[in-house]
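Read the numbers this way: they start at 1 and go in the same order the structure lists the ligands and their atoms. What you are looking at is a predicted structure, and each value in this text was computed from that prediction instead of being measured.
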Amino acid sequence: MSFPLKRQKKTITPVIDPDGPADGGRLIVLTAPLTESIDHAGYFIQMAMASLPIWMEGVINRKYPKWRDVEYNEDGSARYMPAGVRLVEKSLLREYRGDDVVACFPDDLHKFVGPRTRVVAVSTHNPLGVTFAAGVYTSIFGSSKMPINSHYSRELFAAIKANPFRTNFKVIVGGSGGWQIIQTDTYEELSIDCVVEGRSESTDTLELFRKAIQGEELPRRVEVKHPLDREGILFPDTRTTFGVVEMTTGCGRRCKFCVPDLNPQIDLPKDKIMEAVRANVRNGNKQISLATEDMFIWGQVHTDTPFYFPNREALVDLYSDIVNTPGVEQHVLSHSTIAPAVVDPLLIKELSDVLLPKSPIHFPLLSSHPEKKALAPLIGLETGSVKMAKQIMSSKGVPFSIEDWPSVVLEGLRVLNENNWFPAMTLIVGNPGETDEDVMATIDLIYEMERRGLFAFLIPSIFTPLHDTRMAKEMGVTQTKQLSPLQWQLMMKCWKMNLRPGQYSWWGPMAWRVGSLGMWLYKLRSLNGPNFTWPLLMFSGAISEKNLQRMGKIYSGRPMKVKSRKELLASLKPKDWQFLRADNGDMPVGYVPAAQPQAMCAEVGS
Ligand code: B12
Ligand code: SF4
């Protein structure tokens, strides 16, 4: 099957007919920023565009000259859109006719917005770049703080604002980044009538569209309810960006800074997931990614076993069926937690056997796979300080005590690395109340990873109080100039570790070049303040770490006392032993195998 391709040249401005499209346009037009819709080159391109400032767009253009190539349906609508747009579309199609609703790329709005249009609905992931990890790199890298993705999001809103029929329709924005509009009060500037927080499946969302179509005034902000059970969640039956299909909602570990954890913990039915996978393939997608906060809870939500003891059989069965679906050539993991790797190393091994052949990620110097393939889920490390971890994420490592968090991270990473999983791990720098001692504990952990030859791609970001979370009102660091020498050391050490040769072929060395001494002399010195100087010298390699330590310019790190897996298992409450799998070994003394294995996959997801 082949689909029409068209290159969208940034320089070409479409000729807009002042009378609008010949058919009067669609009643409801859905869209999303181009940079959030592209289904090109894997996840990293979107993550890079969320973090790099617009003046560095040339780096992306050079690396991915075809990133603006998008695919179309026969009628000019978008062949793929982010999963959020697809679900808004699906939700609306419960009430409106197919030819009333369309999802299109931003450059094609003029083809669908006309005198008949009453709603333009935009889904956004991160429109203003004020979320964690995204804002921090743009401010480190230069004077223009606008990330590439924000630039394109703003372009989209400007196009909507300038549309000749703007007074006829309402602009409704939703998606995980909608809160950024609310917090920055950019309604007028971006010409937005209403921001919806919550899911499109809600009847309140449909009610809002009804009002908009009748031309009624809309409230600025609407909060709609999240479905409480599996049946309430819809699935895409068309193609989604990166083949994203939801696997779970919510998480259950209750980290205080987390937004998705506020949603109910639901694992979605396997048959619906598989239908959505097949729909993607039917529409030309070759890649699939199951969206989740923690892939390991799937199959273990509301069973007799606590969710943090993964259901090995169910997970292996689900992922096997996905990667073995005819037409699925690539599969990418999204998010997970690390404690399950300590709980059930054989699960990781079995998943590796299933998933590695279809992984598009290669780490030639790290992977022991014959084709050097690797898996790279996103995992939260956040802090190496037990004191800080207790404060902000006391259940992050369950079933293990948060006192053992550094050991859980190191042991988990060992198991993952042994099975060719090299996760991207996020760290939060500048948590409210973070002391030098806390930062030193995190640096200790990073040095320990290095000593043990463990690899994760470490992504430090500055604490951002996220809307609605239990830390929403807390203040952290607001400018990179406020970072202490230790906080800078932590950030630059993470990046230095990431650049160990060969891990990333393009953006690693690129980041190195940007962070080099020349840049520092040119602008970073004044931008980031004097505390940045020695850590940057460490990062650039101009002076060796040993010498900088000897000179007292950077912190040298303390050796850590780490628990082995056996010791970690022995520290579990005896009532939890029944959920351990003896075939992993390291069982606590006195462990008696359970008579029945855990819930089997046959009971899950149907
Ligand atoms: C897959 C994913 C990605 C993928 C692909 C994204 C894509 N374009 O498709 C990749 C890896 C590229 C990615 C990147 C990033 N992501 Co992301 N991502 C996710 C993940 C796991 C799933 C998103 C998804 O598709 N969910 C399924 C769909 C159906 O849900 P949804 O989009 O929320 O849509 C529902 C509602 O929001 C609503 N809705 C959506 N749109 C609209 C529109 C209207 C008008 C209405 C009424 C309703 C509505 O209805 C839908 C359901 O019916 C989420 C976590 C999660 N579970 O949501 C994180 C998440 C959204 N990402 C997050 C972050 C931080 C990022 C990055 C900034 C990370 C980084 N530093 O690089 C970048 C930003 C990328 C960018 N382009 O700017 C955060 C968002 C934080 C925030 N904005 O406040 C989340 C919540 C993860 C987390 N645990 O913190 N991400
Ligand atoms: S483990 Fe991750 S998804 Fe779960 S609550 Fe903590 S931060 Fe949120």
Taking only Lys NZ, Arg NE, NH1 and NH2, and the carboxylate oxygens of Asp or Glu, determine whether [X] and [Y] approach each other closer than 4.0 Å.
X	Y	result
D237	R86	no
R278	E275	no
D204	K211	no
R239	D39	yes
E382	K256	no

> Do W298 and F307 have their ring centres less than 6.0 Å from each other?
Replying inline: no
> How about Y80 and F105: are their ring centres within less than 6.0 Å of each other?
Replying inline: yes
Enumerate the atoms of ligand 1 whose separation from the nearest heavy atom of [X] is less than 4.0 angstrom.
X	value
V88	41 (N), 42 (C), 43 (C), 44 (C), 46 (C), 48 (C), 49 (C)
V244	25 (O)
T205	47 (C)
W179	82 (C), 83 (N), 84 (O)
A121	45 (C)
V196	47 (C)

> Does NZ in K387 sit with more than 12 non-hydrogen atoms of other residues, nucleotides or ligands closer than 6.0 Å?
Replying inline: yes
Under 4.0 Å, heavy atoms only, figure out whether ligand 1 is touched by the backbone of [X], its side chain, both or neither.
X	value
S176	both
M49	neither
R86	neither
V122	backbone

Best match, [options]: closest heavy atom to [atom]:
atom	options	value
atom 49 (C) of ligand 1	A50, G175, S202, A32	G175
atom 36 (C) of ligand 1	G198, S51, G174, G84	G198
atom 76 (C) of ligand 1	L128, T292, N149, L378	N149
atom 2 (C) of ligand 1	R199, M47, E36, H125	H125

> Counting distance only, does the side-chain N/O of N285 pair as donor-acceptor with the main-chain N or O of T240 below 3.5 Å?
Replying inline: yes
> Which distance, rounded to the nearest 0.5 Å, do you find between the CG of L375 and the CG of L351?
Replying inline: 8.5 Å
> Rounded to the nearest 0.5 Å, how far does NE2 of H335 lie from SG of C251?
Replying inline: 11.0 Å
Would you mind listing which atoms of ligand 2 come within a distance below 4.0 Å of any non-hydrogen atom of [X]?
X	value
T337	1 (S)
R254	5 (S)
K396	1 (S), 2 (Fe), 6 (Fe), 7 (S)
E293	3 (S)
D261	5 (S)
C251	1 (S), 3 (S), 4 (Fe), 5 (S)

> Nearest to atom 6 (Fe) of ligand 2, what protein heavy atom do you find, and at what distance?
Replying inline: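 For atom 6 (Fe) of ligand 2, the nearest protein heavy atom comes out as C255 SG, 2.3 Å.
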> Which heavy atom of the protein is the closest neighbour of atom 8 (Fe) of ligand 2, given with residue, atom name and distance?
Replying inline: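 Sorting protein heavy atoms by distance from atom 8 (Fe) of ligand 2 puts C258 SG, 2.3 Å first.
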Nitrogen or oxygen of [X] less than 3.5 angstrom from that of ligand 1:
X	answer
S334	no
Q46	yes
Y43	no
H335	no
S91	no
S200	yes

> Are Y152 and E57 linked by a side-chain donor-acceptor pair shorter than 3.5 Å?
Replying inline: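 Per modelled atom types, Y152 and E57 side chains form a pair under 3.5 Å.
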> Could a heavy atom of D294 be found less than 4.0 Å from some atom of ligand 2?
Replying inline: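 D294: no contact with ligand 2 (<4.0 Å).
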